[in-house]
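Let me begin by presenting the structure, written as structure tokens, before commenting on it.
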Amino acid sequence: MKFEVIKFSEKTRARRGKIFTFHGEIDTPVFMPVGTQASVKTMAPHELEELGAKIILGNTYHLYLRPGHKLIEEAGGLHKFMNWRGSILTDSGGYQVFSLGELREIREEGVTFRSHIDGSIHFISPEISIEIQNSLGADIIMCFDECIPYPSTYEYVKNSVERTTRWAQRCKKHHKKSEQALFGIVQGGLFEELRKKSAKDITDLDFEGYAVGGLSVGEPKQEMYKVLDYTVPLLPENKPRYLMGVGSPDALFEGVIRGIDMFDCVLPTRIARHGTVFTKKGKLVVRNAKYAKDFSPLDPECDCYVCKNFSRAYIRHLLNAGEILGLRLTTYHNLHFLLKIMEEIRKAIEGDYLLELKEEFFKKFGYEDE
Ligand SMILES: CC(C)(C)OC(=O)NCc1c[nH]c2nc(N)[nH]c(=O)c12
Ligand SMILES: [Zn+2]
């Protein structure tokens, strides 16, 4: 994997860059749609390509439990199995074990947990996580870390961060496949001293990219931005920076301005399935009765396939009738909306008007500016 910064923004820490993997070029800053179980829910690969998605996420935890990483390896790896021609980043399972699996035990060696699917008992260690990600064959893989719950005591966070660093060391030692780039993950909760210690210890291990983990876990957004203000500058300028689990429109702008290059979030696809879509003028709950006879597009300012061909009334009907097409149309539009924002952000960095774009977007979307 190669990363190039093409342009530094003058008035912010934003950067316009390019990541080169075996599966193509990725313009940054980039939003990565989440395809947890080898599918970005309701979207076919050709639709993701139409939308301009260049990299998607897969999850070690889910794919290990079902259908199994060995099966996917026999299929020729995750790209082949799901017939996705772009790039893939797999998360290490750390976060998912803590949030989905019924956690049984965290030890230095690794984590024992019950599967959320059938209750069977499993054990994942840094080494096993790397082996699973090697079998899946993603272009970018993540260290096995503990995503610390919020809120947590200083003591708990300190011990956890130190173990996450030892786990990162074990991941680096165990990772042999150079065609897969291994990223380190910085933790530390909301404690500045622990974030700085984690950033130093993880960057000292020298990875191909760095993620900021343990944010967007329920803390106030302003707290998250503060952590980024003092953590991101400690990460090498010539490596990609990835803010995990973050992706509401405002957080994308705030993260880019603070020097983040990569984002992932289930939000756009999840709220789509619940009938909420993004528009330039804010969120719109299209399954709401008030749209029963609204024959205008989801977002009159949107140029996506859905907004050019279908009305709010029709999509509302589909959702209320439980028609799967409804989920597909809201998902397609929300992904277009976020991918389009990232395209506008990339252009704004190139033209040095990122802050003006943010101002205009926030005002129209209805975000009260801080
Ligand atoms: C609650 C949501 C998912 C919104 O955010 C987070 O949990 N944010 C943190 C996060 C997301 N994905 C991760 N993967 C790993 N390995 N470690 C992490 O800390 C995280
Ligand atoms: Zn649209």
Side-chain angles (χ1 to χ4, degrees), residues 32 34 36 47 50-51 57-62 89-100 111 124 126 129-130 132-133 138 140-150 152 157 160-161 164 167-168 171 182-190 195 198 202 209-219 221 223-224 227-228 231 242-248 251 255 260 262-272 277-281 284 286 296-312 315 328-341:
M32 304 181 281
V34 176
T36 297
E47 292 168 316
E50 264 168 42
L51 284 162
L57 236 77
N59 262 312
T60 294
Y61 167 82
H62 295 80
L89 180 151
T90 43
D91 197 354
S92 54
Y95 161 68
Q96 290 74 26
V97 165
F98 293 99
S99 64
L100 286 176
V111 183
I124 289 197
S129 172
I130 292 296
I132 296 169
Q133 295 184 82
I140 299 173
I141 66 175
M142 303 308 292
C143 278
F144 187 73
D145 64 325
E146 179 185 358
C147 169
I148 303 163
Y150 169 80
S152 290
V157 176
S160 169
V161 162
T164 282
W167 283 356
C171 287
L182 177 60
F183 278 24
I185 305 177
V186 171
Q187 292 286 352
L190 301 185
R195 280 281 171 188
S198 178
I202 295 292
Y210 297 94
V212 180
L215 290 177
S216 173
V217 287
E219 78 283 357
K221 278 184 177 170
E223 289 299 312
M224 173 165 83
V227 170
L228 294 178
T231 304
Y242 166 24
L243 178 54
M244 304 185 91
V246 170
S248 55
I260 298 291
M262 302 162 76
F263 301 85
D264 86 272
C265 187
V266 293
L267 185 85
T269 39
R270 180 173 296 168
I271 64 170
V277 294
F278 289 124
T279 79
K280 284 281 188 189
K281 290 189 177 139
L284 182 143
V286 70
S296 66
L298 289 178
D299 182 351
E301 299 179 59
C302 180
D303 59 354
C304 87
Y305 163 72
V306 175
C307 293
K308 286 200 288 221
N309 290 285
F310 306 101
S311 70
R312 292 170 178 179
I315 292 168
R328 285 176 30 74
L329 298 180
T330 53
T331 298
Y332 188 100
H333 165 79
N334 275 3
L335 285 175
H336 173 82
F337 189 88
L338 282 196
L339 291 165
K340 188 93 168 129
I341 289 179

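Both ligands and their constituent atoms are indexed starting at 1 by order of listing.
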Short version for I185: what comes under 4.0 Å of ligand 1, heavy atoms counted, is side chain
Starting from atom 17 (N) of ligand 1, find the nearest protein heavy-atom neighbour and note its residue, name and distance.
D145 OD2, 2.9 Å
Is any side-chain heavy atom of V277 less than 4.5 Å from a side-chain heavy atom of R312?
no
Worked verdict on T279 versus L298 for side-chain contact (heavy atoms from CB on, under 4.5 Å)
CA-CA 7 Å; T279 79; L298 289 178; 5.5 Å; no
Give the numbers and elements of all ligand 1 atoms closer than 4.0 Å to a heavy atom of V217.
6 (C), 7 (O), 8 (N)
Validation row: C302, F337 side chains within 4.5 angstrom (heavy atoms)
no
Below 4.0 Å from any atom of ligand 1, is there a heavy atom belonging to Q187?
yes
Can you report which non-hydrogen protein atom sits closest to atom 10 (C) of ligand 1, along with the distance?
M244 CB, 3.8 Å
Decide yes or no for M142 and Y95: does some side-chain heavy atom of the first lie under 4.5 Å from some side-chain heavy atom of the second?
no
Taking all atoms of both residues into account, what is the closest heavy-atom pair of G245 and C265, and its distance?
O-SG, 4.0 Å
What I'd like to find out is whether the side chain of L182 reaches to under 4.5 Å of the side chain of I130, using heavy atoms alone.
yes
Between Q187 and T164, does any side-chain donor sit less than 3.5 Å from a side-chain acceptor?
no
Can you tell me how far the CD1 atom of I140 sits from the OH atom of Y242, to the nearest 0.5 Å?
9.0 Å
Within the 2.8 Å cut-off the protein N, O or S neighbours of the Zn ion (ligand 2) are C302 SG, C304 SG, C307 SG, H333 ND1
Who's the nearest protein heavy-atom neighbour of atom 6 (C) of ligand 1, and how far?
L215 O, 3.4 Å
Nearest non-hydrogen protein atom, atom 19 (O) of ligand 1:
G214 N, 2.8 Å
For the side chain to side chain contact (heavy atoms under 4.5 Å, CB included) test, which of D299, V306, D303, T331 pairs with H336?
D303
Atom indices of ligand 1 within 4.0 angstrom of S92 heavy atoms, with elements
16 (N)
Identity and separation of the nearest protein heavy atom to atom 3 (C) of ligand 1:
Y95 OH, 3.2 Å
Taking C-beta and beyond as the side chain, do D91 and D264 meet within less than 4.5 Å on heavy atoms?
no
Starting from atom 5 (O) of ligand 1, locate the nearest protein heavy atom and write down its residue, its atom name and how far away it is, to 0.1 Å.
S216 O, 3.1 Å
Give me the nearest non-hydrogen protein atom to atom 12 (N) of ligand 1 as residue plus atom name, then the distance to 0.1 Å.
D91 OD2, 3.6 Å
Assign the ring pair F144 / W167 to parallel, tilted or perpendicular, where the plane angle (0 to 90°) is split at 30° and 60°.
tilted
